[in-house]
Amino acid sequence: MNSAEEPKVVVDAQAARAIGKGAMIVFKKGVVRVEGKVRPGDVVEVYTRGGVFLGRGFANPNSNIMIRLVTRDREAEIGKELFRERIRKANDYRKKFLGYGTVYRMVYGEADYLPGLIVDRFNEIASLQISSAGMERFKLDVAEAIMEVEKGVETVFEKNTGRSRRREGLPEIERVLLGREKWRTIIQEGRARFIVDLRGQKTGFFLDQRENRIALEKYIRPGMRVLDVFTYTGGFAIHAAVAGADEVVAVDKSPQAIKTAEENAKLNDVADRLRFITGSAFQVMEDMAGRGEKFDVVVLDPPAFVQHEKDLKRGLRAYFNVNYTGMKLVKNGGLLVTASCSQHVDMQTFKDMVIAAAAKAGKFLKMVEPYRTQAPDHPILMASKDTEYLKCLFFHVEDMR
Ligand SMILES: C[S@@+](CC[C@H](N)C(=O)[O-])C[C@H]1O[C@@H](n2cnc3c(N)ncnc32)[C@H](O)[C@@H]1O
């Protein structure tokens, strides 16, 4: 469509100011009016109330995120060429600037000016996740661009499942979109190796915690007992075992994740030092605390308990319970690694929750690592606060006396 025919969306002063500072998203509440008919995925022009042009992007009147800005250029063609160029830039950033090899997040949505698109690369397989109706229309172009930009990628797997798809009114699809029929590979991460099965959760593997998992290794000594709660396919647990822990217990409620975790233990030759429990973390930790069990290291990496701002209070209670019980399980002088991937919980709120849990558990906490966040291949675009979500803190835990 010629830009002259594109529908126009007028936004309020707050949304306009945010766009001016670099934001790429406009929520429904920031939209004043829509001129013309807009269907999900249509390209629209965005204006201030006073008629100043702000940019062009994808709209979805059915979604809470009503506009995802793509360009501030009035004339730019929103299509294959533009996306190919941005994918190339995003890939170059990881490889040339950050120095990643063949396993990394290649595209992280707005942070790479590709709203609604996530691409994780696991060696020869790229896992693609689209969460906007606009980007959905270009998914084959995107898949072609990925293979063109990175010749080592032989398969683009479409991992189009999950809540964000449903929110945009998009169907759930999980299949090879382009290239060879393949969905499993083995990746190297520090001293550990992992089977990545793209039919698992999210894109198949939580790359965002990579540097934090590797950071755990330096605190592990022979003779240690480690507990990894919400382990998924063995993430922190495998690193602890590879680094020399004597006994590692890992918990997750997903039987499929635990099955892959067991395979990962064998792959790393540490199966004799790992024990997996399939079940609710809350119950398992309560039972352990009831029996007076203690660990040198406890890792807590739960799913996002706060999915929406309105769930903040309830979600924080869940974080509090997990952290309170987790702290009781750490030996005096041991290590607690605690994380939150909820975008709506900022670092200060997370710290306040941890402080409250420590007070109730009767513990002093000392930070032993600087504030840790998501891996650098999930860049935080300073102007776009939605791009920052992961918090991961390492604490030395002592009894309060
Ligand atoms: C953020 S992921 C953990 C990622 C993992 N630490 C890693 O490094 O790969 C959260 C995990 O929590 C699990 N989970 C969600 N709710 C749970 C519950 N109530 N009890 C136990 N596990 C749960 C999910 O199955 C998922 O594997």
Side-chain angles (χ1 to χ4, degrees), residues 103 105 118 120 122 127 161-163 186-217 226-243 248-265 267-268 274-289 297-307 311 314-315 317-323 325-326 329 336-343 345 350 372-375 378 389-394:
V103 179
R105 172 153 291 192
I118 282 178
D120 277 356
F122 304 107
S127 181
T161 53
R163 228 176 262 120
I186 293 176
I187 61 163
Q188 184 81 41
E189 182 179 273
R191 290 157 65 185
R193 295 171 80 207
F194 290 97
I195 294 162
V196 175
D197 189 325
L198 278 81
R199 296 163 305 178
Q201 297 181 27
K202 299 281 169 121
T203 61
F205 195 72
F206 293 90
L207 282 177
D208 53 1
Q209 287 278 28
R210 174 188 37 226
E211 275 75 357
N212 302 330
R213 285 188 291 260
I214 294 171
L216 174 68
E217 289 190 7
V226 177
L227 174 65
D228 179 16
V229 190
F230 308 99
T231 191
Y232 186 47
T233 54
F236 287 93
I238 300 282
H239 278 278
V242 167
V248 183
V249 181
V251 187
D252 203 282
K253 73 167 186 189
S254 158
Q256 297 96 304
I258 291 291
K259 191 167 164 278
T260 309
E262 282 165 347
E263 288 182 67
N264 282 330
L267 178 71
N268 288 276
L274 267 154
R275 183 160 62 88
F276 292 103
I277 302 174
T278 309
S280 157
F282 296 89
Q283 194 57 53
V284 172
M285 287 203 300
E286 279 296 331
D287 292 349
M288 284 175 166
V297 178
V298 172
V299 179
L300 307 170
D301 184 18
F305 287 142
V306 183
Q307 296 278 350
D311 302 331
R314 189 154 38 105
R317 209 172 310 124
Y319 281 117
F320 178 90
N321 289 338
V322 165
N323 278 270
T325 317
L329 293 170
L336 172 77
V337 177
T338 180
S340 160
C341 57
S342 296
Q343 186 206 96
V345 177
F350 185 60
R372 300 193 71 98
T373 179
Q374 62 226 43
H378 299 54
Y389 68 97
L390 188 68
K391 297 139 296 279
C392 184
L393 301 178
F394 285 49

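One is the number of the first residue; the rest follow in order along the sequence. We count ligands from 1, going down the list as the structure has it; atoms in each ligand are counted the same way. Treat the numbers as computed from the prediction; the structure is a model and nothing was measured.
Taking Phe206 as the reference, Tyr232 meet the ring-ring contact (aromatic ring centres under 6.0 Å, His included) condition, with sequence neighbours excluded. Residues forming a ring-ring contact (aromatic ring centres under 6.0 Å, His included) with Phe194 (at least two apart in sequence, or on another chain): Phe205, His239. In terms of the side-chain hydrogen bond (donor to acceptor under 3.5 Å, both in side chains) criterion, residue partners of Arg210 (sequence neighbours excluded) are, by chain and number, Tyr100, Asp377.
Here the side chain of Thr373 pairs a donor or acceptor atom with the backbone of Leu390 at under 3.5 angstrom.
In this pair, His378 and Tyr389 present their aromatic rings tilted. The plane angle is within the 30 to 60° band.
Between Asp301 and Phe230, the shortest heavy-atom distance links the atoms O-CB, 3.1 Å.
A distance limit of 4.0 angstrom between heavy atoms and ligand 1 selects the residues Gln201, Phe206, Arg213, Phe230, Thr231, Tyr232, Gly235, Phe236, Asp252, Lys253, Ser254, Gly279, Ser280, Ala281, Phe282, Asp301, Pro302, Pro303.
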